[in-house]
Amino acid sequence: LQREHSLHCLYQIADSRQVRSWVLDHSVLFGLVGELPDTDLRGLESREIGHDSLQLMAPRGHPLLGRVDLEPLNFSQQTLLLRPSGSSTRTRAEFMLSSILGHFQRVVELNSGEAIKEAVLAGLGLAVLSTWSVQRELQEGLLAPLDTNLWSQPRPIYLIRRANRPLKGQTALLWEFLAKDS
């Protein structure tokens, strides 16, 4: 897009509710979000542009890896690292882990997905992570999912914009490119 259309884009990263807020208050033209409740999508046009998978991850060599007989008590000595409320990853993590959530020794909330990933890599806890954000670490065997039959869920990714904001020129070109080619 930059080479062919002289289109320069800046981006910011935040949780889905913050991105929604930026779109609604005209701070940004578009946003990429995980799923949001329908009530949070009022006034927005959204297009599903892809999926990732959220999985409960552990660092290489973690004693719970490879086990298919895990029970809630197996998590009693573990730390769970979570994104803040408002993140679609957090919402999905709480739903996915509902049967074991109260069994973790401690739950720590971190504002940054990157910080959570680094904490898991350092052996500081387990976390539900997006497979999009940990592809390299999975390929290199630095991270691995725990039982994917229990703790793995697909998550849709949406492109959003204000529904009442007409698109023209390069803005329309970018929206169509992202909505079609992602």
Approximate separation, where rounding is to 0.5 Å, of [X] [atom1] and [Y] [atom2]:
{"X": "Ile100", "Y": "Leu150", "atom1": "CD1", "atom2": "CG", "result": "8.5 Å"}
{"X": "Leu167", "Y": "Leu29", "atom1": "CG", "atom2": "CG", "result": "8.0 Å"}
{"X": "Thr89", "Y": "Gln153", "atom1": "OG1", "atom2": "CD", "result": "11.0 Å"}
{"X": "Asn164", "Y": "Arg161", "atom1": "CG", "atom2": "CZ", "result": "8.5 Å"}
{"X": "Ile160", "Y": "Leu32", "atom1": "CD1", "atom2": "CG", "result": "8.5 Å"}
{"X": "Arg20", "Y": "Ser46", "atom1": "CZ", "atom2": "OG", "result": "12.0 Å"}

Common cluster, [X]/[Y], ILVMFWY with side-chain heavy-atom separation under 4.5 Å:
{"X": "Leu65", "Y": "Leu143", "value": "no"}
{"X": "Val120", "Y": "Leu54", "value": "no"}
{"X": "Val107", "Y": "Leu70", "value": "yes"}
{"X": "Ile116", "Y": "Leu124", "value": "no"}
{"X": "Phe104", "Y": "Leu82", "value": "yes"}

[Y] backbone acceptor or donor facing [X] side chain under 3.5 Å:
{"X": "Ser16", "Y": "Gly34", "value": "yes"}
{"X": "Ser133", "Y": "Leu129", "value": "no"}
{"X": "Arg92", "Y": "Pro154", "value": "yes"}
{"X": "Ser152", "Y": "Asn149", "value": "no"}
{"X": "Trp175", "Y": "Gln170", "value": "no"}

**Prompt:** Can a salt bridge be assigned to the pair Lys117 and Glu137 using a cut-off of 4.0 Å between side-chain N and carboxylate O?
**Reply:**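 Yes, this pair counts.
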**Prompt:** When you check the gap from the basic side-chain N to the acidic O, do Arg165 and Glu45 get nearer than 4.0 Å?
**Reply:**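 No, Arg165 and Glu45 are not salt-bridged.
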**Request:** Applying side chain to side chain contact (heavy atoms under 4.5 Å, CB included) between Phe75 and each of Leu97, Leu80, Leu146, Leu101, report the one that passes.
**Result:** Leu146
**Request:** Answer yes or no: are there more than 12 heavy-atom neighbours, outside Glu71 itself, under 6.0 Å from its atom CD?
**Result:** no
**side-chain contact (heavy atoms from CB on, under 4.5 Å) between Leu126 and His62, worked out** = CA-CA 10 Å; Leu126 306 174; His62 193 280; 3.7 Å; yes
Residue pair [X] / [Y], side-chain heavy-atom distance below 4.5 Å:
{"X": "Ile49", "Y": "Leu178", "answer": "no"}
{"X": "Arg47", "Y": "Tyr158", "answer": "no"}
{"X": "Leu110", "Y": "Arg83", "answer": "no"}
{"X": "Leu121", "Y": "Pro59", "answer": "no"}
{"X": "Ile157", "Y": "Val33", "answer": "no"}
{"X": "Gln78", "Y": "Gln105", "answer": "no"}
{"X": "Thr148", "Y": "Gln55", "answer": "yes"}
{"X": "Arg155", "Y": "Ser53", "answer": "no"}

**Request:** Scan side-chain atoms only and decide if Thr131 and Asp52 contain a donor-acceptor pair under the 3.5 Å cut-off.
**Result:**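 Looking only at side-chain atoms, Asp52 and Thr131 do not form any donor-acceptor pair under 3.5 Å.
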**Prompt:** Side chains of Gln77 and His103: donor-acceptor distance under 3.5 Å anywhere?
**Reply:** no
**Asked** If you take all heavy atoms of Asp147 and Arg67, which pair is closest and at what distance?
**Response**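 Taking Asp147 first and Arg67 second, the nearest heavy atoms are CB-O, 4.0 Å.
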**Complete:** Between Ala179 and Leu159 the two heavy atoms that sit nearest each other are N-CD2, 3.8 Å
**Prompt:** Is the distance between the ring centroids of Trp151 and Phe95 under 6.0 Å?
**Reply:**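 Not under 6.0 Å, so no.
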